[in-house]
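None of these values were measured; they are calculated from a predicted model. Residue numbers begin at 1 in each chain, while the letters A, B, ... track the order of the sequences.
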Amino acid sequence: MATPNQDIPTQYDSAATERAWYERWTAADVFSPKASDSCRTSDNPQSCKDGSAKNPFTIVMPPPNVTAVLHMGHGLNDTVQDVITRWRRMAGDAALWLPGTDHAGIATQNVVERQLGTEGKTRFDVGREAFLLKTADFVKQTGGIILDQVKSIGGSCDWDRTAYTLDEGPSSAVREAFVQLYERGLVYKGNRVIHWCSRCLTSLSDEEAEHSDETGALYHLSYPLSDGSGQSIIVATTRPETMLGDVAVAVHPDDPRYASLIGKTLTLPIANVDIPIVADTYVDPEFGTGAVKITPAHDPNDFEVGKRHALPMPIIMTPEGLLDNFSEAGERVPSNLKGVDRFEARKKIVEILKASGNLIKVETHQHAVRRCYRCNTVVEPRLSDQWFVSMKELAAPALEAVRSRKVRIVPDRWEAVYIHWLENIRDWNISRQLWWGHRIPVWYDKDGNVIVSRTTPENAHELRQDEDVLDTWFSSWLWPLSTLGWPNKESADLKAFYPTDFLITAPEILFFWVSRMIMAGYAFMDETPFHTVYLHGTVRDTNHVKMSKSLGNGIDPMDVVQLYGADALRYTVISGLGMGADLILDPNDLEKSFSPGRNFATKLWNIGRFLLSNVGTDSVDTIDSVDDSKFTRADRWILGRLNVAINECNAALGPARPNRDVWDEKDLNSGLRLNEYIETARRFVWNEVADWYLETTKARMAAGGEDREVARIVLVHVFDNALRLLHPVVPFITEELWQKLPRNAERPAEFITITNWPVENPRFQSNSEFETVRDVINALRAKRAEYAVAPGKVIDAFVIPDARSGFITEEINLIRNLTRSNLKVETGVDDPNAAHALLPDGTQVIVPLGDLVDMEKECAKLQKDLEQLEKQLVALTGRLSNPGFVDRAPANVVEAERAKQADWTTRCDQMRAKISSLCGSRG
RNA sequence: GGGCGAGUAGCUCAGUUGGUUAGAGCGCCUGCCUUACACGCAGGAUGUCGGGGGUUCGAGUCCCUCCUCGCCCACCA
């Protein structure tokens, strides 16, 4: 006799379960693959092909800002990565999910500066050294938070390999990359107009200066000719304060309006200097007045014009955005405007010009203003010395990688965006006038000679190191390399895990990060860093506004974990995420978003409680030990359904790596449909296992004997596999339940986390035999509801099997139990005064309900069903008699339609016969 | 200015090369505490697939056009 029921709590305690399992997983080190596990470092060079060693499967985590706390965007991103990682780990790969954090130059520095600000101090008051110590200290205090939060949502990262961009390894990678590029002539110092943030006091790259469409004003200013003729040229500008830096007015060479004026000079108002009228094709005669004021130091286009015409380039603004003179071209800023803020100066200059009659008109004007991506300050174009990376050469292999399908971008629509950006790439400004970050490895001697070095030069005390630090993204783009040990090319991890596999992130950082990583991969390893880029959607609120803390429309994942459990959070995120589609959540109604996940966990728990208490703890034989003849129809059905579920889950998850060196066309967009995968698994365990199969086992389990053992074996096998299918999405509850399953040869592993991903069992063909039983139950239930039969009342019922159907005792009992009926199988029953149902396979269900039965209604219903079917049959017949269809539709479609036609014809005949026997003249 | 995405049940979304009667979850209605589960069970209602036009034997799916929303890119001052 079996061991009695296990003691399983009625209520699932997510908090306790999650904490306990996470600790056990990490204690057992199950998330840390060794480099030697990877077939790439195996002694056997064939092992990647013949399967004698594990394939590596690597994801590097997009490193969150070190001082950040987890928001739903991370929650989504990390859940997706973890689901994929857990799937591959179970599927037999040496799965590595490598976590880490980013020092986040501007962002972190801003936070610490704000703290200083509350004490009334700036970073300049405390000095560089002290400021860096203070910032490092702040990072030490807050830096671990976000990764701990990743743990609490179940992230199966390899914490032994946790990286940080300012660690020695990644820092040496930064220096190595800089020096190598410098030696290859791809890093250079240039005097250019760059985007300047006058709040952060640093230059920004093009990507860091974000466009925002705003309504501004277009000021029309009149500049008089300096020959005293009284003539003038009217120019249009959105930034009148820059007029003090004007060095010319440009017109189109073919513009007849200005042809005679080219070469003459104008007197720049206020500054009172003479500036030439030059001809340049850059000017669009159609826009504004066709005359453009040229301010080379404060506009990138004007800078180009200035270079072409060898014009001076006076800077008239300080880094703080105040007007001042820096010009060798003479005093341009009048003393009453010096030190005035740029926007204040705009007002004042407009006033002055208005008074002098030089302001002709002001139009409202829609234009794009560029703002700092960290502090939203309007950036100022400004001429300055900066370090740049020359990008064209680096971009070429990155373009080729995507074009040749070495790298796929999913969904593929992002490929066009990626290609367009790389084709039009501009040089990357990598120097930042900040303190927090990797200092540029460049020194200058007293003669101004440049020394670029991987290490601090021995005579550093005689030299001056470049004051600037590198763009944060200059360390980020090396992430897949630096976290695996580069620049040490002999690093075991680099050999075992590079190139990595999937890069999973949001589309926002396609340019900032993803494309640059691909460039770095080719530049330094001559190999792509990953073969798949999966760009998932963005988390938004119900108004489709991106969730953010500052907007107050965020959801704290930690609240969700506490209220609903990590599994519920993960389930919600995955089931709501169409491929590449945004995830919409309502921050004001957590219940609506997350209760389905919690409810699913509860359902799973209750399935487990029932199943486990029934099967007990005694050991269970494997499914292979059971002879075919021992299975019931329900057994064969659910085992067939399991195969279908496994197959569909695999198809939704897709290939983990390309078949060959490059992706096959057909695989470019396949897989990564995580919502389909979880829906398939959910349907299997809930609507098939729980709703139907479990019910079929109740009587068998109670009856005992040999069949009880068969049912036990199938129950355990099916639930075991269902839990495995679900584990990547709901890791905690599946581990908790799986551990309670009786062990056997199929379950040798210590954790479900490291047990094998389910495989289809060819022994069990997909079949629909059991569905007749289901249809009978559904029909009887519907009749009971239709006639409002009291729930407890046992009714009589008859079933007349079709030649194809047929019922065994267990099935009859099942139907009786689930429908509270006294079902009898008959062949000759024909009670005209009863409720009738005709099942699709011809099986008839007859329910004598005495006075309740309304034959008018029954006949009307049957008639309606018949008419509907006839209508469809007519349409189908029409289609089949249409030569266009028969000739052009695929053969298998036509064949299926023909089979259907035959089926429906039979069914119509059956229904007509039924109606005529039941309803006589009424039919 | 250029490009992309979305518009399917009250809400959030599936719907893979065009092929029966368009699906799920939540919500709603009716009835049930049926000894795994009321975070549940059973039964049920709900859609001119954004509008219009076209291609096709056949369109939610392909083409054109218009409308609405969102995103990305962009040196027209």
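Nucleotides B:rG60 and B:rU20, compared at atom C1', are 15 Å apart to the nearest Å. Rounded to the nearest Å, the gap between the P atom of B:rC26 and that of B:rA42 is 12 Å. Taking atom C1' on both B:rC75 and B:rG18, the two are 45 Å apart, rounded to the nearest angstrom. The same atom, C1', is picked in B:rC64 and in B:rC71; the two are 24 Å apart, to the nearest Å. To the nearest whole angstrom, the two C1' atoms, one in B:rG43 and one in B:rC4, are 45 Å apart. Going from the C1' atom of B:rU46 to that of B:rG25 covers 15 Å, rounded to whole Å. Comparing the same atom, P, in B:rU65 and in B:rC57 gives a spacing of 24 Å after rounding to whole Å. Rounded to the nearest Å, the gap between the P atom of B:rA45 and that of B:rU16 is 26 Å.
Within the 4.0 Å cut-off from OP1 or OP2 of B:rG43, not a single side-chain nitrogen or oxygen of A:K783 is found. Under 4.0 angstrom from either OP1 or OP2 of B:rC73 there lies no side-chain N or O belonging to A:H420. Taking only side-chain nitrogens and oxygens, A:N669 never comes nearer than 4.0 Å to OP1 or OP2 of B:rU16. Taking 4.0 angstrom as the limit, A:N778 places a side-chain polar atom (N or O) nearer than this to OP1 or OP2 of B:rG43. Dashed line: the shortest gap from a side-chain N or O of A:K666 to OP1 or OP2 of B:rU16 is not under 4.0 Å. Contact annotation: A:H220 does not reach the phosphate of B:rA77 (side-chain N/O to OP1 or OP2, under 4.0 Å).
Of the nucleotides present, B:rA24 is the one that pairs with B:rU12 by Watson-Crick or G-U wobble criteria, both distances under 3.5 Å. The base-pairing partner of B:rC69, taking Watson-Crick or G-U wobble contacts with both distances under 3.5 Å, is B:rG5.
Side-chain contact check for A:D280 and A:H252: no donor-acceptor pair (N or O, by modelled atom type) lies under 3.5 Å. Side-chain atoms of A:E210 and A:Y373 include no donor-acceptor pair closer than 3.5 Å. Under 3.5 Å, the side chains of A:N606 and A:Y12 contain no donor-acceptor pair of N or O atoms. A donor atom on one side chain and an acceptor atom on the other are not found under 3.5 Å apart for A:K783 and A:T819. For A:T696 and A:K698, the side-chain atoms include no donor-acceptor pair closer than 3.5 Å.
Using a 4.5 Å heavy-atom threshold, the side chains of A:I419 and A:L422 count as separate.
In the set B:rG25, B:rG43, B:rG40, the nucleotide with an atom closest to the side chain of A:W686 is B:rG40. The side chain of A:D691 approaches B:rA42 more closely than any other nucleotide in the set B:rA42, B:rC39, B:rU21. For A:F287, whose side chain is taken as the heavy atoms from C-beta onward, the closest listed nucleotide among B:rC76, B:rA36, B:rU16 is B:rC76. Nearest nucleotide to the side chain of A:R540, out of B:rC72, B:rA36, B:rC71: B:rC71. Of the candidate nucleotides B:rG15, B:rA77, B:rC75, B:rG15 has the atom nearest to the side chain of A:E676.
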Contact string for nucleotides 3-11 of chain B, one letter per nucleotide 5' to 3', B = base within protein heavy-atom range under 4.0 Å, S = sugar-phosphate only, - = neither, reads -SS-----B

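Using a 4.0 Å cut-off between charged side-chain N and carboxylate O, A:K546 and A:E508 make a salt bridge. A salt bridge links A:R516 to A:E207: at least one charged side-chain nitrogen sits closer than 4.0 Å to a carboxylate oxygen.
Residues satisfying the side chain to side chain donor-acceptor pair (under 3.5 Å) criterion with A:Q901, sequence neighbours excluded, are A:T877.
Using a 4.0 Å heavy-atom cutoff across all strands shown, A:Q901 reaches no nucleic acid atom at all. Residue contacts shown for A:W904 include a base, since a base heavy atom lies under 4.0 Å away.
Per the geometry, CD1 belonging to A:I8 stands 12 Å off P belonging to B:rA36, to the nearest Å. Taking atom CD of A:E679 as the reference point, atom C1' of B:rU16 lies 16 Å away to the nearest angstrom. Here the P atom of nucleotide B:rG40 and the CH2 atom of A:W605 are 17 Å apart, to the nearest Å. Rounded to an integer number of Å, the gap from CG of A:L873 to C1' of B:rU20 is 11 Å. Going from atom CZ of A:R784 over to atom P of B:rU34 covers 14 Å, rounded to whole Å. A:R820 places its CZ atom 8 Å from the P atom of B:rU34, with the value rounded to the nearest Å.
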Inset, instruction - Mind running side-chain contact (heavy atoms from CB on, under 4.5 Å) on A:W414 and A:L510 for me, showing each step along the way? - result: CA-CA 9 Å; A:W414 290 103; A:L510 180 60; 4.1 Å; yes

Dump the intermediate steps for side-chain contact (heavy atoms from CB on, under 4.5 Å) on A:K793 and A:R820, then the final yes or no.
CA-CA 7 Å; A:K793 184 177 163 63; A:R820 299 246 165 132; over 6 Å; no

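Contacts between residues 359-367 of chain A and RNA chain B, counted as heavy-atom distances below 4.0 Å, involve A:H365, A:H367.
Taking the ring centre of A:W686 as origin, the terminal cationic atom of A:R682 falls inside the region bounded by 6.0 Å and 45° from the ring axis.
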